[in-house]
2 protein chains.
Amino acid sequence: MARSEKKTAVRKAAAADEGNRRAELIRAAGRLFVDKGFDATTIRDIADAVGMRSGSPFYHFKSKQDMLKAVMIEGLTAALEAQQAAVAGLKDPEEKFRALVRSHLRIILEDHTEFPVLLYEWRALSDESRAEVIAVKDRYEAVWQPVLRELKKAGRIADDGKVARLLLFGALNWVVQWYRPGGGSSIEQIAERAIELFLCGKTDKR
Amino acid sequence: MARSEKKTAVRKAAAADEGNRRAELIRAAGRLFVDKGFDATTIRDIADAVGMRSGSPFYHFKSKQDMLKAVMIEGLTAALEAQQAAVAGLKDPEEKFRALVRSHLRIILEDHTEFPVLLYEWRALSDESRAEVIAVKDRYEAVWQPVLRELKKAGRIADDGKVARLLLFGALNWVVQWYRPGGGSSIEQIAERAIELFLCGKTDKR
DNA sequence: CCTACCGATCGGTAGG
DNA sequence: CCTACCGATCGGTAGG
């Protein structure tokens, strides 16, 4: 009994360790993919970043493609959680909307997230991986839908259709292209401008 | 005289031919860069597309980087011309704005343009090339500035600052990511939605 | 997880 | 513009 307990403990510790190394790889790969792009990042770059030899990442992932998928799903999952926390307890649709915009910008711009990889390496994903990632992405976007519908009902946005939603995401996602931390505008300021742009019928309802 | 005339003619024809081949390479490279990305496109792909051998593109361009720069400047120049033609003769700021939005979407979405390369391969550009491309890009964006200022004065948009302008470009540029020809929405329909989104104070000024 | 390695590919060049 | 080629690098694997 004592022996099997010990064995289980060892196995658990080993499993935790493996999970940690895997998570480290995902984080390092994410950062590199964001900075240099998927194609321009080599397995050797990633291995270096976590202090491994070039062959070792393949102990944790069966291919570079597989790492990309893992990075994206990790980023999406973190985003999904942040988003749910942001709107939790809010009732007013405009407040919810403001919270979603702010949360989305933070996820995209704060540099400890792997999320932006999703935005720019979509093309590098294999067809099979893409299907898996889309499933999580749909869950993320689904949170916006009812909020937009309520805003439409309240007359605060002109349209809540698919095109309008994609234009909105575009304006927000594009920010990764030009935002520089410590630059002209803070994340909060950009969020304010964006909200103002989308809810523009706002102040002049007499 | 006859001989030197002939020589000149031959030289001119040769120069034109070289220019044609160069232009063909730019077009083929542009299409491949849009479809597969800069890194994933090989010189051999490009050479194949125009019926050359793998070493020959280097007769026209000194490096792959150089081709990328040429593709971007070509795309920007075409866009600049299309844009100027679109607003020529228009007086009303709202009309000008509508024309600019439509022109921009056409340039981005109609598949004979190299413009989208600019949007997604910015990172692949070397620092030196980037400076050259930025100069042309600034001229393109400069056309929007006075139009937005007039719209602001007329109370049709909330803000004409840098952030607002970038959010606007973001919404439009992002369309490349999801637009599919023959899909749910036409370019004109998307343009309408975008204009409606940006000029949202419009219809309800009593 | 490391060592040692392989096959393939890629950007680029010399010489004509 | 082609032929023939090179050096470098890269994703991935076998065997421990």
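Predicted, not measured: the structure shown is a model, and the values here were computed from it.
Salt-bridge annotation for A:K64 and A:E121: absent, with no side-chain N of the basic residue lying under 4.0 Å from a carboxylate O of the acidic one. Classification of A:R98 and A:E95 as a salt-bridged pair fails, no side-chain N sitting under 4.0 Å from a carboxylate O.
Ring geometry for B:H104 against B:Y140 counts as tilted: the plane angle lies between 30° and 60°, on a 0 to 90° scale.
With a cut-off of 3.5 Å on both pairing distances, the Watson-Crick or G-U wobble partner of C:dG15 is D:dC2.
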| task | Give the intermediate values and the outcome of ring pair (Phe, Tyr, Trp, His ring centres under 6.0 Å) for residues B:F169 and A:W178. | result | CA-CA 11 Å; B:F169 277 127; A:W178 51 269; over 10 Å; no

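Heavy-atom contacts of chain A under 4.0 Å fall on DNA chain D between two terminal nucleotides, which in 5' to 3' order are D:dC10 to D:dT13.
The side-chain heavy atoms of A:K69 and A:F61, taken from C-beta on, include no pair separated by under 4.5 Å.
Within the nucleic acid shown, B:T42 comes within 4.0 Å of sugar-phosphate atoms alone, with no base atom in reach, counting heavy atoms only.
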